[in-house]
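Worksheet: the structure to be examined is printed underneath.
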Number of protein chains: 2
Amino acid sequence: MELWFTEKQTADYGITAKITKTLHTEQTEFQDLAVIDTNEWGRMLVLDGCVMTTIRDEFVYHEMISHIALSAHPNPQKVLVVGGGDGGVMREIIKHKTVQKAVLAEIDGRVIELSKQYLPEIAVALTDPRIDVRVIDGIAHVKEHKQEYDVIIVDSTDPIGPAVGLFAKEFYENIYAALKEDGIFVAQSESPFMHGELIGRVQKDVSAIFPITRLYLASIPTYPSGLWSFTIGSKRHDPLQIADEQRASELVTRYYTPSLHRAAFTLPAFVEELVK
Amino acid sequence: MELWFTEKQTADYGITAKITKTLHTEQTEFQDLAVIDTNEWGRMLVLDGCVMTTIRDEFVYHEMISHIALSAHPNPQKVLVVGGGDGGVMREIIKHKTVQKAVLAEIDGRVIELSKQYLPEIAVALTDPRIDVRVIDGIAHVKEHKQEYDVIIVDSTDPIGPAVGLFAKEFYENIYAALKEDGIFVAQSESPFMHGELIGRVQKDVSAIFPITRLYLASIPTYPSGLWSFTIGSKRHDPLQIADEQRASELVTRYYTPSLHRAAFTLPAFVEELVK
(Lines give C-alpha, C1' and ligand atoms only; values in the text may rest on other atoms or scores of the structure.)
Protein backbone atom coordinates (compact mmCIF):
# COMPACT_ATOMS: atom_id res chain seq x y z
CA MET A 1 0.00 0.00 0.00
CA GLU A 2 1.30 3.46 -0.91
CA LEU A 3 0.49 6.41 1.33
CA TRP A 4 0.67 9.93 -0.11
CA PHE A 5 0.48 13.23 1.70
CA THR A 6 -1.32 15.90 -0.31
CA GLU A 7 -1.27 19.56 0.64
CA LYS A 8 -4.10 21.44 -0.99
CA GLN A 9 -2.29 24.73 -1.40
CA THR A 10 -5.48 26.19 -2.84
CA ALA A 11 -8.96 24.72 -3.33
CA ASP A 12 -7.93 23.49 -6.77
CA TYR A 13 -4.21 22.76 -6.58
CA GLY A 14 -1.71 20.98 -4.42
CA ILE A 15 1.52 19.07 -4.04
CA THR A 16 1.67 15.38 -3.22
CA ALA A 17 4.51 13.31 -1.76
CA LYS A 18 4.83 9.63 -1.03
CA ILE A 19 5.07 8.98 2.71
CA THR A 20 7.54 6.40 3.92
CA LYS A 21 6.66 6.84 7.58
CA THR A 22 4.28 8.89 9.72
CA LEU A 23 6.26 9.65 12.86
CA HIS A 24 3.87 11.80 14.80
CA THR A 25 0.43 13.39 14.55
CA GLU A 26 -1.10 15.57 17.22
CA GLN A 27 -3.67 18.27 17.78
CA THR A 28 -1.78 20.82 19.87
CA GLU A 29 -3.43 23.68 21.69
CA PHE A 30 -3.00 25.78 18.55
CA GLN A 31 -2.87 23.60 15.45
CA ASP A 32 -2.74 20.19 13.80
CA LEU A 33 0.85 18.98 13.80
CA ALA A 34 2.39 16.10 11.87
CA VAL A 35 5.91 14.83 11.26
CA ILE A 36 6.25 12.57 8.23
CA ASP A 37 9.08 11.02 6.28
CA THR A 38 9.08 11.27 2.49
CA ASN A 39 11.58 10.03 -0.07
CA GLU A 40 11.53 13.22 -2.09
CA TRP A 41 11.91 15.91 0.57
CA GLY A 42 13.09 13.93 3.56
CA ARG A 43 11.38 14.55 6.87
CA MET A 44 8.59 17.14 6.85
CA LEU A 45 6.94 19.23 9.55
CA VAL A 46 3.30 19.83 8.64
CA LEU A 47 1.06 22.33 10.47
CA ASP A 48 -2.67 22.50 9.72
CA GLY A 49 -2.03 20.47 6.57
CA CYS A 50 0.62 22.87 5.21
CA VAL A 51 4.29 21.95 4.78
CA MET A 52 6.25 24.18 7.15
CA THR A 53 9.69 22.82 6.50
CA THR A 54 11.44 19.83 4.95
CA ILE A 55 14.95 18.56 5.52
CA ARG A 56 15.78 18.89 1.83
CA ASP A 57 14.71 22.46 1.10
CA GLU A 58 14.60 24.15 4.52
CA PHE A 59 17.97 25.80 3.92
CA VAL A 60 16.48 28.25 1.43
CA TYR A 61 13.81 29.62 3.73
CA HIS A 62 15.92 29.72 6.87
CA GLU A 63 18.93 31.33 5.22
CA MET A 64 16.93 33.86 3.24
CA ILE A 65 14.66 35.02 6.07
CA SER A 66 17.73 35.53 8.28
CA HIS A 67 20.85 36.65 6.42
CA ILE A 68 19.46 39.57 4.44
CA ALA A 69 18.30 41.56 7.47
CA LEU A 70 21.28 40.50 9.60
CA SER A 71 23.82 41.33 6.87
CA ALA A 72 22.15 44.69 6.22
CA HIS A 73 22.64 45.64 9.87
CA PRO A 74 26.17 46.78 10.79
CA ASN A 75 26.16 45.26 14.25
CA PRO A 76 23.16 43.04 15.10
CA GLN A 77 23.54 42.08 18.74
CA LYS A 78 20.05 41.38 19.99
CA VAL A 79 17.57 39.57 17.76
CA LEU A 80 13.96 38.46 18.20
CA VAL A 81 12.29 35.66 16.27
CA VAL A 82 8.50 35.53 16.39
CA GLY A 83 7.37 31.99 15.59
CA GLY A 84 10.14 29.80 14.23
CA GLY A 85 9.75 27.07 16.84
CA ASP A 86 11.55 24.56 14.63
CA GLY A 87 14.77 26.47 15.33
CA GLY A 88 15.93 26.84 11.72
CA VAL A 89 16.06 30.64 11.84
CA MET A 90 18.03 30.51 15.10
CA ARG A 91 20.57 28.16 13.51
CA GLU A 92 21.22 30.83 10.87
CA ILE A 93 21.17 33.82 13.24
CA ILE A 94 23.99 32.50 15.42
CA LYS A 95 26.22 32.23 12.35
CA HIS A 96 26.59 36.02 12.83
CA LYS A 97 29.28 36.48 15.43
CA THR A 98 27.97 39.90 16.44
CA VAL A 99 24.82 38.30 17.88
CA GLN A 100 24.89 38.14 21.66
CA LYS A 101 21.30 37.26 22.41
CA ALA A 102 18.45 35.87 20.34
CA VAL A 103 14.98 35.46 21.81
CA LEU A 104 12.60 32.89 20.35
CA ALA A 105 8.93 33.75 20.97
CA GLU A 106 7.01 30.66 19.86
CA ILE A 107 3.41 30.33 20.93
CA ASP A 108 3.24 26.55 20.51
CA GLY A 109 5.68 24.70 22.76
CA ARG A 110 4.89 21.41 21.04
CA VAL A 111 6.50 22.70 17.80
CA ILE A 112 9.73 23.28 19.74
CA GLU A 113 9.65 19.91 21.52
CA LEU A 114 8.82 17.87 18.46
CA SER A 115 11.35 19.71 16.30
CA LYS A 116 14.05 18.90 18.85
CA GLN A 117 12.95 15.27 18.81
CA TYR A 118 12.37 14.73 15.09
CA LEU A 119 14.23 17.51 13.25
CA PRO A 120 17.57 17.81 15.10
CA GLU A 121 19.33 19.14 11.97
CA ILE A 122 17.01 22.15 12.09
CA ALA A 123 16.57 22.52 15.86
CA VAL A 124 20.30 22.10 16.55
CA ALA A 125 20.86 25.68 17.69
CA LEU A 126 18.07 25.82 20.28
CA THR A 127 20.43 24.72 23.07
CA ASP A 128 22.99 27.45 22.23
CA PRO A 129 23.63 29.66 25.29
CA ARG A 130 22.97 32.81 23.27
CA ILE A 131 19.42 31.65 22.56
CA ASP A 132 16.55 32.30 24.93
CA VAL A 133 13.68 29.99 24.02
CA ARG A 134 10.32 31.15 25.36
CA VAL A 135 6.89 29.62 24.85
CA ILE A 136 5.01 32.90 24.69
CA ASP A 137 2.73 34.94 22.46
CA GLY A 138 5.05 36.87 20.16
CA ILE A 139 2.46 39.58 19.60
CA ALA A 140 2.31 40.34 23.33
CA HIS A 141 6.10 40.15 23.64
CA VAL A 142 6.61 42.69 20.87
CA LYS A 143 4.04 45.00 22.47
CA GLU A 144 5.81 44.91 25.84
CA HIS A 145 9.32 45.71 24.62
CA LYS A 146 10.55 49.10 23.43
CA GLN A 147 13.74 50.04 21.57
CA GLU A 148 15.25 46.70 22.48
CA TYR A 149 16.04 44.70 19.33
CA ASP A 150 18.43 45.26 16.43
CA VAL A 151 16.63 42.76 14.21
CA ILE A 152 13.17 41.18 14.45
CA ILE A 153 12.32 38.20 12.25
CA VAL A 154 8.70 37.10 11.84
CA ASP A 155 8.78 33.41 10.90
CA SER A 156 5.06 32.85 10.83
CA THR A 157 2.71 30.27 9.41
CA ASP A 158 0.17 31.35 6.79
CA PRO A 159 -2.20 34.21 7.71
CA ILE A 160 -4.91 31.88 9.00
CA GLY A 161 -5.40 30.48 12.51
CA PRO A 162 -2.79 31.48 15.13
CA ALA A 163 -0.79 33.65 12.71
CA VAL A 164 -3.50 36.12 11.65
CA GLY A 165 -2.26 38.77 14.08
CA LEU A 166 1.25 38.53 12.63
CA PHE A 167 -0.01 40.12 9.41
CA ALA A 168 -1.80 43.06 11.10
CA LYS A 169 -0.72 46.70 10.79
CA GLU A 170 -0.85 47.12 14.57
CA PHE A 171 1.73 44.34 14.92
CA TYR A 172 4.08 46.14 12.52
CA GLU A 173 3.66 49.34 14.57
CA ASN A 174 4.63 47.47 17.71
CA ILE A 175 7.61 45.93 15.91
CA TYR A 176 8.74 49.43 14.94
CA ALA A 177 8.58 50.45 18.59
CA ALA A 178 10.38 47.31 19.78
CA LEU A 179 13.32 47.97 17.43
CA LYS A 180 16.27 50.16 18.30
CA GLU A 181 16.69 53.39 16.36
CA ASP A 182 18.48 51.64 13.49
CA GLY A 183 16.58 48.36 13.69
CA ILE A 184 15.41 46.16 10.81
CA PHE A 185 12.52 43.72 10.64
CA VAL A 186 11.65 41.04 8.13
CA ALA A 187 8.57 38.84 7.72
CA GLN A 188 7.76 35.99 5.38
CA SER A 189 4.99 37.34 3.16
CA GLU A 190 3.75 34.42 1.04
CA SER A 191 3.84 33.82 -2.73
CA PRO A 192 3.66 36.48 -5.44
CA PHE A 193 1.86 33.99 -7.70
CA MET A 194 -0.69 32.95 -5.08
CA HIS A 195 -1.07 35.81 -2.59
CA GLY A 196 -0.47 38.99 -4.54
CA GLU A 197 -3.14 40.97 -2.74
CA LEU A 198 -1.64 40.11 0.67
CA ILE A 199 1.83 41.14 -0.46
CA GLY A 200 0.52 44.47 -1.67
CA ARG A 201 -1.34 45.07 1.58
CA VAL A 202 1.65 44.18 3.78
CA GLN A 203 3.91 46.39 1.66
CA LYS A 204 1.47 49.29 2.07
CA ASP A 205 1.14 48.79 5.83
CA VAL A 206 4.86 48.44 6.46
CA SER A 207 5.80 51.39 4.27
CA ALA A 208 3.36 53.58 6.22
CA ILE A 209 5.46 52.87 9.33
CA PHE A 210 9.06 52.30 8.21
CA PRO A 211 11.09 54.78 6.14
CA ILE A 212 12.58 51.94 4.05
CA THR A 213 10.40 49.05 2.86
CA ARG A 214 11.45 46.41 0.37
CA LEU A 215 10.39 43.02 -0.97
CA TYR A 216 12.73 40.22 -1.92
CA LEU A 217 12.26 36.71 -3.25
CA ALA A 218 13.62 33.18 -2.87
CA SER A 219 12.78 29.81 -4.45
CA ILE A 220 11.30 27.29 -2.02
CA PRO A 221 10.04 24.19 -3.86
CA THR A 222 7.61 22.90 -1.21
CA TYR A 223 5.87 26.24 -0.65
CA PRO A 224 2.94 27.22 -2.90
CA SER A 225 4.18 28.11 -6.42
CA GLY A 226 7.83 27.59 -5.38
CA LEU A 227 8.46 31.35 -5.24
CA TRP A 228 8.33 33.04 -1.86
CA SER A 229 8.44 36.66 -0.76
CA PHE A 230 9.84 38.42 2.28
CA THR A 231 8.89 41.94 3.32
CA ILE A 232 11.54 43.98 5.07
CA GLY A 233 11.11 47.24 6.95
CA SER A 234 14.10 49.23 8.12
CA LYS A 235 14.53 52.37 10.20
CA ARG A 236 17.88 53.48 8.79
CA HIS A 237 19.97 50.89 6.91
CA ASP A 238 18.97 50.06 3.34
CA PRO A 239 18.50 46.26 3.24
CA LEU A 240 19.79 46.25 -0.35
CA GLN A 241 23.22 47.13 1.01
CA ILE A 242 25.41 44.74 2.94
CA ALA A 243 26.72 46.59 5.98
CA ASP A 244 29.62 44.24 6.68
CA GLU A 245 30.84 42.45 3.54
CA GLN A 246 33.40 40.49 5.51
CA ARG A 247 30.78 39.03 7.86
CA ALA A 248 28.38 38.30 5.00
CA SER A 249 31.01 36.59 2.87
CA GLU A 250 32.12 34.35 5.74
CA LEU A 251 28.67 32.83 6.24
CA VAL A 252 28.56 29.12 5.48
CA THR A 253 25.41 28.77 3.40
CA ARG A 254 23.86 26.78 0.57
CA TYR A 255 21.58 29.45 -0.91
CA TYR A 256 22.51 32.92 0.40
CA THR A 257 25.55 34.67 -1.03
CA PRO A 258 26.42 38.38 -0.88
CA SER A 259 25.73 38.64 -4.64
CA LEU A 260 22.39 36.89 -4.24
CA HIS A 261 21.57 39.26 -1.35
CA ARG A 262 21.49 42.11 -3.84
CA ALA A 263 19.90 40.15 -6.72
CA ALA A 264 17.01 38.89 -4.55
CA PHE A 265 15.52 42.41 -4.54
CA THR A 266 15.27 42.53 -8.34
CA LEU A 267 11.64 41.65 -8.94
CA PRO A 268 9.88 40.20 -11.98
CA ALA A 269 7.64 42.76 -13.67
CA PHE A 270 4.38 41.37 -12.25
CA VAL A 271 5.81 41.42 -8.70
CA GLU A 272 6.99 45.02 -9.13
CA GLU A 273 3.36 45.81 -9.90
CA LEU A 274 2.24 44.24 -6.61
CA VAL A 275 4.45 46.50 -4.50
CA LYS A 276 3.94 49.75 -6.40
CA MET B 1 -17.33 13.75 -9.05
CA GLU B 2 -14.03 15.59 -8.88
CA LEU B 3 -11.33 14.80 -11.43
CA TRP B 4 -7.74 15.67 -10.59
CA PHE B 5 -4.72 15.62 -12.87
CA THR B 6 -1.55 14.53 -11.09
CA GLU B 7 1.89 14.90 -12.63
CA LYS B 8 4.40 12.65 -10.94
CA GLN B 9 7.39 14.92 -11.33
CA THR B 10 9.52 12.22 -9.73
CA ALA B 11 8.68 8.69 -8.52
CA ASP B 12 7.82 10.11 -5.09
CA TYR B 13 6.50 13.61 -5.69
CA GLY B 14 4.07 15.50 -7.85
CA ILE B 15 1.63 18.32 -8.37
CA THR B 16 -2.11 17.86 -8.59
CA ALA B 17 -4.75 20.13 -10.08
CA LYS B 18 -8.51 19.85 -10.24
CA ILE B 19 -9.72 19.39 -13.82
CA THR B 20 -12.78 21.27 -14.93
CA LYS B 21 -12.72 19.86 -18.47
CA THR B 22 -10.66 17.46 -20.56
CA LEU B 23 -10.66 19.00 -24.02
CA HIS B 24 -8.45 16.60 -25.93
CA THR B 25 -6.33 13.50 -25.47
CA GLU B 26 -4.32 11.86 -28.20
CA GLN B 27 -1.36 9.59 -28.82
CA THR B 28 0.54 11.44 -31.54
CA GLU B 29 3.35 9.91 -33.56
CA PHE B 30 5.77 11.11 -30.88
CA GLN B 31 4.04 11.47 -27.53
CA ASP B 32 0.91 11.41 -25.39
CA LEU B 33 -0.82 14.76 -25.68
CA ALA B 34 -3.61 16.21 -23.55
CA VAL B 35 -5.31 19.58 -23.25
CA ILE B 36 -7.15 20.11 -19.98
CA ASP B 37 -8.84 22.99 -18.22
CA THR B 38 -8.06 23.64 -14.55
CA ASN B 39 -9.31 26.34 -12.19
CA GLU B 40 -5.89 27.03 -10.72
CA TRP B 41 -3.68 27.32 -13.82
CA GLY B 42 -6.21 27.75 -16.59
CA ARG B 43 -5.81 25.62 -19.69
CA MET B 44 -2.85 23.22 -19.71
CA LEU B 45 -0.93 21.45 -22.45
CA VAL B 46 0.35 18.11 -21.13
CA LEU B 47 2.88 15.96 -23.01
CA ASP B 48 3.73 12.45 -21.79
CA GLY B 49 2.10 13.31 -18.46
CA CYS B 50 4.22 16.46 -17.90
CA VAL B 51 2.80 19.98 -17.85
CA MET B 52 4.35 21.81 -20.80
CA THR B 53 2.58 25.10 -20.44
CA THR B 54 -0.39 26.66 -18.67
CA ILE B 55 -2.26 29.84 -19.51
CA ARG B 56 -1.55 31.31 -16.07
CA ASP B 57 2.21 30.84 -15.80
CA GLU B 58 3.40 30.39 -19.40
CA PHE B 59 4.59 34.00 -19.56
CA VAL B 60 7.55 33.28 -17.31
CA TYR B 61 8.98 30.47 -19.41
CA HIS B 62 8.31 32.04 -22.79
CA GLU B 63 9.66 35.47 -21.85
CA MET B 64 12.71 34.15 -20.05
CA ILE B 65 13.80 31.63 -22.68
CA SER B 66 13.51 34.34 -25.37
CA HIS B 67 14.39 37.82 -24.18
CA ILE B 68 17.75 37.19 -22.51
CA ALA B 69 19.45 35.82 -25.64
CA LEU B 70 17.64 38.25 -27.95
CA SER B 71 18.45 41.28 -25.79
CA ALA B 72 22.08 40.20 -25.46
CA HIS B 73 22.42 40.22 -29.26
CA PRO B 74 22.86 43.67 -30.81
CA ASN B 75 20.89 42.89 -33.96
CA PRO B 76 19.06 39.53 -34.01
CA GLN B 77 17.55 39.18 -37.46
CA LYS B 78 17.25 35.45 -38.08
CA VAL B 79 16.17 33.16 -35.27
CA LEU B 80 15.59 29.41 -35.02
CA VAL B 81 13.37 27.74 -32.43
CA VAL B 82 13.83 23.99 -32.00
CA GLY B 83 10.66 22.54 -30.47
CA GLY B 84 8.26 25.17 -29.17
CA GLY B 85 5.28 24.02 -31.23
CA ASP B 86 2.86 25.81 -28.91
CA GLY B 87 4.13 29.09 -30.35
CA GLY B 88 4.83 30.88 -27.06
CA VAL B 89 8.49 31.49 -27.81
CA MET B 90 7.61 32.87 -31.25
CA ARG B 91 5.14 35.31 -29.67
CA GLU B 92 8.02 36.70 -27.62
CA ILE B 93 10.62 36.66 -30.43
CA ILE B 94 8.60 38.89 -32.72
CA LYS B 95 8.42 41.54 -30.00
CA HIS B 96 11.99 42.32 -31.12
CA LYS B 97 11.65 44.59 -34.11
CA THR B 98 15.04 43.59 -35.47
CA VAL B 99 13.78 40.07 -36.18
CA GLN B 100 13.09 39.51 -39.88
CA LYS B 101 12.68 35.75 -39.94
CA ALA B 102 12.06 33.12 -37.30
CA VAL B 103 12.00 29.43 -38.18
CA LEU B 104 10.06 27.01 -36.00
CA ALA B 105 11.37 23.43 -36.24
CA GLU B 106 8.80 21.34 -34.38
CA ILE B 107 8.89 17.58 -34.87
CA ASP B 108 5.28 16.99 -33.80
CA GLY B 109 2.78 18.75 -36.06
CA ARG B 110 -0.08 17.85 -33.72
CA VAL B 111 1.38 20.11 -31.02
CA ILE B 112 1.18 23.03 -33.44
CA GLU B 113 -2.34 22.22 -34.64
CA LEU B 114 -3.79 21.63 -31.19
CA SER B 115 -2.10 24.71 -29.74
CA LYS B 116 -3.65 26.83 -32.47
CA GLN B 117 -7.03 25.27 -31.69
CA TYR B 118 -6.96 25.25 -27.89
CA LEU B 119 -4.27 27.74 -26.80
CA PRO B 120 -4.76 30.73 -29.11
CA GLU B 121 -3.28 33.15 -26.52
CA ILE B 122 0.00 31.26 -26.82
CA ALA B 123 -0.08 30.26 -30.50
CA VAL B 124 -1.17 33.73 -31.63
CA ALA B 125 2.08 34.57 -33.41
CA LEU B 126 2.29 31.44 -35.56
CA THR B 127 0.48 33.13 -38.42
CA ASP B 128 2.85 36.14 -38.43
CA PRO B 129 4.48 36.57 -41.87
CA ARG B 130 7.96 36.65 -40.30
CA ILE B 131 7.47 33.15 -38.92
CA ASP B 132 8.22 30.04 -40.96
CA VAL B 133 6.53 27.07 -39.27
CA ARG B 134 8.00 23.72 -40.29
CA VAL B 135 7.11 20.25 -39.08
CA ILE B 136 10.64 18.87 -39.18
CA ASP B 137 13.30 17.28 -37.01
CA GLY B 138 15.14 20.18 -35.41
CA ILE B 139 18.28 18.09 -34.93
CA ALA B 140 18.53 17.44 -38.69
CA HIS B 141 17.71 21.07 -39.50
CA VAL B 142 20.49 22.35 -37.26
CA LYS B 143 22.93 19.87 -38.83
CA GLU B 144 22.08 21.03 -42.36
CA HIS B 145 22.50 24.78 -41.79
CA LYS B 146 25.80 26.62 -41.35
CA GLN B 147 26.44 30.18 -40.13
CA GLU B 148 22.82 31.08 -40.69
CA TYR B 149 21.22 32.10 -37.41
CA ASP B 150 21.80 34.98 -35.01
CA VAL B 151 19.95 33.25 -32.18
CA ILE B 152 18.90 29.61 -31.67
CA ILE B 153 16.42 28.76 -28.91
CA VAL B 154 15.97 25.14 -27.84
CA ASP B 155 12.49 24.89 -26.33
CA SER B 156 12.52 21.17 -25.65
CA THR B 157 10.55 18.75 -23.51
CA ASP B 158 12.39 16.85 -20.76
CA PRO B 159 15.41 14.75 -21.81
CA ILE B 160 13.39 11.59 -22.31
CA GLY B 161 11.57 10.38 -25.44
CA PRO B 162 11.79 12.63 -28.51
CA ALA B 163 13.95 15.26 -26.79
CA VAL B 164 16.94 13.09 -25.77
CA GLY B 165 19.00 14.26 -28.76
CA LEU B 166 18.41 17.90 -27.79
CA PHE B 167 20.61 17.40 -24.73
CA ALA B 168 23.54 15.76 -26.59
CA LYS B 169 26.96 17.34 -27.04
CA GLU B 170 26.86 16.67 -30.80
CA PHE B 171 23.70 18.76 -31.02
CA TYR B 172 25.42 21.69 -29.31
CA GLU B 173 28.33 21.37 -31.77
CA ASN B 174 25.90 21.55 -34.68
CA ILE B 175 24.21 24.56 -33.09
CA TYR B 176 27.58 26.29 -32.86
CA ALA B 177 28.10 25.67 -36.57
CA ALA B 178 24.58 26.83 -37.48
CA LEU B 179 25.08 30.17 -35.71
CA LYS B 180 26.65 33.21 -37.33
CA GLU B 181 30.01 34.36 -36.02
CA ASP B 182 28.44 36.34 -33.17
CA GLY B 183 25.49 34.02 -32.57
CA ILE B 184 23.93 33.05 -29.24
CA PHE B 185 22.02 29.93 -28.27
CA VAL B 186 19.87 29.14 -25.26
CA ALA B 187 18.26 25.92 -24.07
CA GLN B 188 15.92 25.12 -21.20
CA SER B 189 17.98 22.95 -18.87
CA GLU B 190 15.61 21.69 -16.16
CA SER B 191 15.55 22.32 -12.39
CA PRO B 192 18.55 22.93 -10.14
CA PHE B 193 16.72 21.23 -7.28
CA MET B 194 15.73 18.16 -9.31
CA HIS B 195 18.24 17.77 -12.15
CA GLY B 196 21.54 19.08 -10.85
CA GLU B 197 23.62 16.45 -12.58
CA LEU B 198 22.09 17.23 -15.96
CA ILE B 199 22.70 20.96 -15.50
CA GLY B 200 26.34 20.31 -14.69
CA ARG B 201 26.76 18.04 -17.70
CA VAL B 202 25.10 20.48 -20.12
CA GLN B 203 27.21 23.33 -18.73
CA LYS B 204 30.37 21.28 -19.26
CA ASP B 205 29.41 20.26 -22.81
CA VAL B 206 28.40 23.76 -23.89
CA SER B 207 31.46 25.42 -22.35
CA ALA B 208 33.69 23.00 -24.28
CA ILE B 209 32.23 24.45 -27.49
CA PHE B 210 31.27 28.08 -26.79
CA PRO B 211 33.69 30.72 -25.46
CA ILE B 212 30.98 32.15 -23.17
CA THR B 213 28.64 29.84 -21.25
CA ARG B 214 26.24 30.91 -18.51
CA LEU B 215 23.29 29.65 -16.52
CA TYR B 216 20.33 31.73 -15.47
CA LEU B 217 17.13 31.02 -13.54
CA ALA B 218 13.42 31.81 -13.51
CA SER B 219 10.49 30.82 -11.31
CA ILE B 220 7.90 28.65 -13.07
CA PRO B 221 5.32 27.32 -10.59
CA THR B 222 4.06 24.35 -12.61
CA TYR B 223 7.52 22.99 -13.47
CA PRO B 224 9.24 20.59 -11.03
CA SER B 225 10.43 22.50 -7.91
CA GLY B 226 9.20 25.83 -9.34
CA LEU B 227 12.76 26.92 -10.18
CA TRP B 228 13.95 26.46 -13.74
CA SER B 229 17.33 26.87 -15.43
CA PHE B 230 18.42 27.99 -18.87
CA THR B 231 21.85 27.34 -20.33
CA ILE B 232 23.20 29.93 -22.74
CA GLY B 233 26.20 29.62 -25.05
CA SER B 234 27.53 32.62 -26.92
CA LYS B 235 30.22 33.11 -29.53
CA ARG B 236 31.00 36.76 -28.79
CA HIS B 237 28.39 38.76 -26.84
CA ASP B 238 28.24 38.27 -23.08
CA PRO B 239 24.61 37.32 -22.31
CA LEU B 240 24.90 39.16 -18.98
CA GLN B 241 25.04 42.42 -20.93
CA ILE B 242 22.07 43.92 -22.72
CA ALA B 243 23.26 44.95 -26.19
CA ASP B 244 20.42 47.37 -26.89
CA GLU B 245 18.92 48.84 -23.70
CA GLN B 246 16.34 50.75 -25.67
CA ARG B 247 14.99 47.63 -27.37
CA ALA B 248 15.03 45.63 -24.09
CA SER B 249 13.26 48.34 -22.12
CA GLU B 250 10.50 48.66 -24.72
CA LEU B 251 9.49 45.00 -24.47
CA VAL B 252 5.96 44.54 -23.12
CA THR B 253 6.40 41.75 -20.59
CA ARG B 254 5.08 40.43 -17.28
CA TYR B 255 8.27 38.81 -15.94
CA TYR B 256 11.33 39.97 -17.90
CA THR B 257 12.77 43.40 -17.24
CA PRO B 258 16.25 44.70 -18.11
CA SER B 259 17.14 44.66 -14.39
CA LEU B 260 15.89 41.10 -14.02
CA HIS B 261 17.92 40.16 -17.11
CA ARG B 262 21.08 40.84 -15.13
CA ALA B 263 19.82 39.50 -11.78
CA ALA B 264 18.72 36.17 -13.28
CA PHE B 265 22.39 35.17 -13.66
CA THR B 266 23.09 35.55 -9.93
CA LEU B 267 22.86 31.98 -8.69
CA PRO B 268 22.14 30.57 -5.24
CA ALA B 269 25.24 28.98 -3.69
CA PHE B 270 24.18 25.40 -4.40
CA VAL B 271 23.52 26.23 -8.06
CA GLU B 272 26.91 27.92 -8.39
CA GLU B 273 28.36 24.59 -7.27
CA LEU B 274 26.52 22.77 -10.08
CA VAL B 275 28.10 24.87 -12.81
CA LYS B 276 31.64 25.12 -11.40
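Below, chains carry the letters A, B, ... as their sequence lines are ordered, and counting in each starts from 1.
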Under 4.5 Å from any heavy atom of chain A, what part of M194(B) do you find: side chain, backbone, both or neither? both
Honestly, the part of A11(A) sitting under 4.5 Å from a heavy atom of chain B is backbone
Indicate the atoms forming the closest heavy-atom contact of I15(B) with Y13(A), along with that distance. CG2-OH, 3.1 Å
Measure R262(B) against the heavy atoms of chain A and call it side chain, backbone, both or neither at under 4.5 Å. neither
So OG of S259(B) and CZ of F265(A): to nearest 0.5 Å the spacing works out to 14.5 Å
Relative to chain A, which of R56(B), K8(B), Q9(B), E273(B) shows the most heavy atom pairs under 4.5 Å? R56(B)
Considering only heavy atoms and a distance below 4.5 Å, find which of A17(A), A269(A), P224(A) pairs most often with chain B. A269(A)
If I measure from the heavy atoms of chain A, does L267(B) come under 4.5 Å with its side chain, its backbone, both, or neither? backbone
Bottom line for Y256(B): the part with an atom under 4.5 Å from chain A's heavy atoms is backbone
Just give me the residue among P192(A), P221(A), S191(A) that pairs up with chain B most often, heavy atom to heavy atom, under 4.5 Å. P221(A)
Over all heavy atoms of both residues, which pair between T10(B) and E40(A) is shortest? Give the atoms and the distance, please. OG1-OE1, 2.6 Å
Angle class for the F270(B)/F59(A) ring planes (parallel below 30°, perpendicular above 60°, tilted otherwise)? perpendicular
Pick one of side chain, backbone, both or neither for T16(B), based on which atoms fall under 4.5 Å of a heavy atom in chain A. both
Shortest non-hydrogen contact between L227(A) and S219(B), atoms and distance: CD1-OG, 3.2 Å
Region of V60(B) in contact with chain A, defined by heavy-atom distances below 4.5 Å: side chain
What distance do D12(A) atom CG and E2(B) atom CD have between them, rounded to the nearest 0.5 Å? 8.0 Å
Measure distances from T6(B) to the heavy atoms of chain A and classify the residue's part below 4.5 Å as side chain, backbone, both or neither. side chain
Locate the shortest heavy-atom distance separating T266(A) from A263(B); write the atom from each residue and the value. CB-CB, 3.5 Å
Toward chain A, the part of A218(B) with a non-hydrogen atom under 4.5 Å: neither
